[in-house]
Novice: 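Quick one: this structure, given as structure tokens, is what I'll be asking you about.
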Amino acid sequence: AGESLDHFKATEVYADQFQDVAADAWYLQSVKTCYEYGLMKGASAVAFNPDGVLSVAEALVMADRVHGIFTDGESTLTNGTPWYQPYVDYAKAHKLVWEADGAYNSPARRETFVTIFSYAMPEEALKAINDVEDGAIPDVAVSAAYAQSVYRFYRAGILTGNDAKGTFGPQTPITRGAAAAIISRMADPSLRKSFTLHQQPFEPVPISQLANYKSLKKSMTDEEFQAA
């Protein structure tokens, strides 16, 4: 079939069946796209559980689907023993993960989720549309193991950050709603977000807010303290 974003097509119909996805929810379009493209399922027939946390195993299932559809036009994996083993094997075989530590049932941190998904598609399918300078994401050190994956997703408009400064929250567990946003933007480039993120200027902290404020004040004369 050959690799292509054109492989992502609606195979289901979303008819507002998830009662916990409000009509004005920021992730509504993402949930709809993921459901219709067969990339995410509901927590039940009538609930999506957008605030629920994904496990590492569940993240692998979704990454395998994205990779399988993009690469071959379909994803045919089914559960094994334990249920997630075929997905782990596929992810390792296609280098979506190297050595997972066996903590498949633990919550997937945002940095883990993005790292796995950044290998589900080649760079050509994740073209940069945003100017995001190295060092511009305030809580992602450029030296971090996951930095390249996170920056790639920011530049491709798949991630936008949690606030105006572009904060990522690498250690925070990823919710199903946030996962839907990432996955839907990967599958449908028209959903990707345009923005610019520059390094924040250095902001001096008022001396009274320093953690060692009291000890500083004790060790200085009043004149020295005022000068500081």
Side-chain angles (χ1 to χ4, degrees), residues 3-10 14 16 18 20-40 48-54 59 62-63 65-67 69-70 96 108-142 144 146-201:
E3 298 179 340
S4 178
L5 285 165
D6 293 337
H7 292 162
F8 293 104
K9 294 184 172 72
Y14 180 65
D16 300 322
F18 297 142
D20 55 357
V21 177
D24 59 351
W26 68 268
Y27 44 74
L28 170 62
Q29 182 59 51
S30 299
V31 170
K32 180 176 186 289
T33 298
C34 285
Y35 179 81
E36 293 192 338
Y37 286 14
L39 299 171
M40 289 183 78
F48 185 75
N49 191 19
D51 297 323
V53 171
L54 281 179
M62 295 167 195
R65 284 180 191 146
V66 168
H67 182 274
I69 294 173
F70 178 81
L96 306 189
R109 296 191 300 268
R110 287 168 60 86
E111 47 106 340
T112 304
F113 184 90
V114 170
T115 301
I116 292 169
F117 272 82
S118 73
Y119 293 109
M121 276 185 188
E123 284 203 43
E124 308 86 77
L126 300 168
K127 288 190 171 71
I129 60 172
N130 296 320
D131 175 19
V132 180
E133 299 174 344
D134 280 352
I137 305 172
D139 56 351
V140 177
V142 177
Y146 52 84
Q148 185 178 356
S149 299
V150 173
Y151 271 89
R152 182 183 297 163
F153 272 27
Y154 271 67
R155 288 168 180 148
I158 289 163
L159 285 170
T160 61
N162 299 326
D163 52 29
K165 291 181 177 178
T167 304
F168 174 58
Q171 305 304 318
T172 310
I174 192 155
T175 64
R176 287 173 54 83
I182 289 171
I183 296 169
S184 62
R185 291 169 192 164
M186 290 183 75
D188 183 353
S190 73
L191 299 177
R192 297 179 187 180
K193 304 294 184 183
S194 296
F195 63 96
T196 300
L197 201 59
H198 295 301
Q199 268 188 286
Q200 297 293 316

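No hydrogens, no waters, no symmetry mates; every other heavy atom, side chains included, goes into these values. Please read all numbers here as calculations on a predicted model, not as lab measurements. Residue indices begin at 1 and follow the sequence shown.
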Novice: State, to 0.1 Å, how close Tyr37 and Ala187 come at their nearest heavy-atom pair, and which atoms those are.
Specialist: CD2-CB, 3.9 Å
Novice: Does the side chain of Met62 reach to within under 4.5 Å of the side chain of Arg176, using non-hydrogen atoms?
Specialist: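 They are in contact (side-chain heavy atoms under 4.5 Å apart), so the answer is yes.
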Novice: So do the side chains of Thr175 and Pro50 get within less than 4.5 Å of each other, counting heavy atoms only?
Specialist: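 They are not in side-chain contact.
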Novice: For the CD1 atom of Ile182 and the CG atom of Leu39, what is their distance to the nearest 0.5 Å?
Specialist: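 Rounded to the nearest 0.5 Å, the CD1-CG separation comes to 13.0 Å.
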Novice: Would you name the heavy atoms of Lys165 and Pro138 that are closest together and state the gap between them?
Specialist: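 Result for this residue pair: O-CD, 3.2 Å.
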Novice: Search all heavy atoms of Ala125 against all heavy atoms of Leu5 and return the closest pair with its distance.
Specialist: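 The answer is O-CD1, 4.2 Å.
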Novice: How long is the straight-line distance from CG of Leu159 back to CZ of Phe195, given to the nearest 0.5 Å?
Specialist: 7.5 Å
Novice: One pair to check against side-chain contact (heavy atoms from CB on, under 4.5 Å): Phe70 and His7. What are the steps and the verdict?
Specialist: CA-CA 6 Å; Phe70 178 81; His7 292 162; 5.5 Å; no
Novice: Mind checking the CG-OG1 spacing from Leu54 to Thr112? Nearest 0.5 Å is all I need.
Specialist: 12.0 Å
Novice: Between Glu133 and His198 (side chain of the first, backbone of the second, donor and acceptor by atom type, cut-off under 3.5 Å), is there such a pair?
Specialist: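 Judged by distance alone, no pair lies under 3.5 Å.
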Novice: Taking all atoms of both residues into account, what is the closest heavy-atom pair of Leu96 and His67, and its distance?
Specialist: CD2-CD2, 3.9 Å
Novice: Quick check: does any side chain N or O of Tyr151 sit under 3.5 Å from a backbone N or O of Ala136, one acting as donor and the other as acceptor?
Specialist: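 Yes: the side chain of Tyr151 pairs with the backbone of Ala136.
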Novice: Quick check against the 3.5 Å criterion: does Arg152 have a side-chain atom that pairs as donor or acceptor with the backbone of Glu123?
Specialist: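 Between the backbone of Glu123 and the side chain of Arg152 there is no qualifying donor-acceptor contact (under 3.5 Å).
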Novice: What is the minimum heavy-atom distance between Ala181 and Trp26, and which atoms define it?
Specialist: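 So the minimum-distance heavy-atom pair works out to CB-CZ3, 3.7 Å.
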Novice: Restricting to non-hydrogen atoms, name the atom on Val21 and the atom on Leu28 that form the minimum distance, rounded to 0.1 Å.
Specialist: CG1-CD1, 3.7 Å
Novice: For Arg110 and Phe168, indicate whether the former's side chain and the latter's backbone hold a donor-acceptor pair under 3.5 Å.
Specialist: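 At least one qualifying donor-acceptor pair exists.
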Novice: Apply side chain to side chain donor-acceptor pair (under 3.5 Å) to residues Thr33 and Ser184 and explain how you reach the verdict.
Specialist: CA-CA 6 Å; Thr33 298; Ser184 62; 5.3 Å; no
Novice: Check the orientation of Phe18 and Tyr35. Use parallel for under 30°, tilted for 30 to 60°, and perpendicular for over 60°.
Specialist: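 Aromatic pair Phe18/Tyr35 classed perpendicular.
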Novice: Do you know which of Ile129, Val132, Asp131, Leu126 makes side-chain contact (heavy atoms from CB on, under 4.5 Å) with Arg155?
Specialist: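 Going through Ile129, Val132, Asp131, Leu126 one by one, the side-chain contact (heavy atoms from CB on, under 4.5 Å) with Arg155 is satisfied by Val132 alone.
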Novice: I need the Ile183 CD1 to Phe113 CZ distance, nearest 0.5 Å.
Specialist: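 Going from CD1 on Ile183 over to CZ on Phe113, the span is 4.0 Å.
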Novice: In Å, rounded to the nearest 0.5 Å, how long is the span from OH of Tyr154 to CG of Leu197?
Specialist: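 Interatomic distance, Tyr154 OH to Leu197 CG, rounded to 0.5 Å: 7.0 Å.
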Novice: Report the distance from atom CG of Asn130 to atom CZ of Phe153, rounding to the nearest 0.5 Å.
Specialist: 13.5 Å
Novice: Decide yes or no on side-chain contact (heavy atoms from CB on, under 4.5 Å) for Met40 and Phe48, but give the supporting numbers first.
Specialist: CA-CA 9 Å; Met40 289 183 78; Phe48 185 75; 3.5 Å; yes
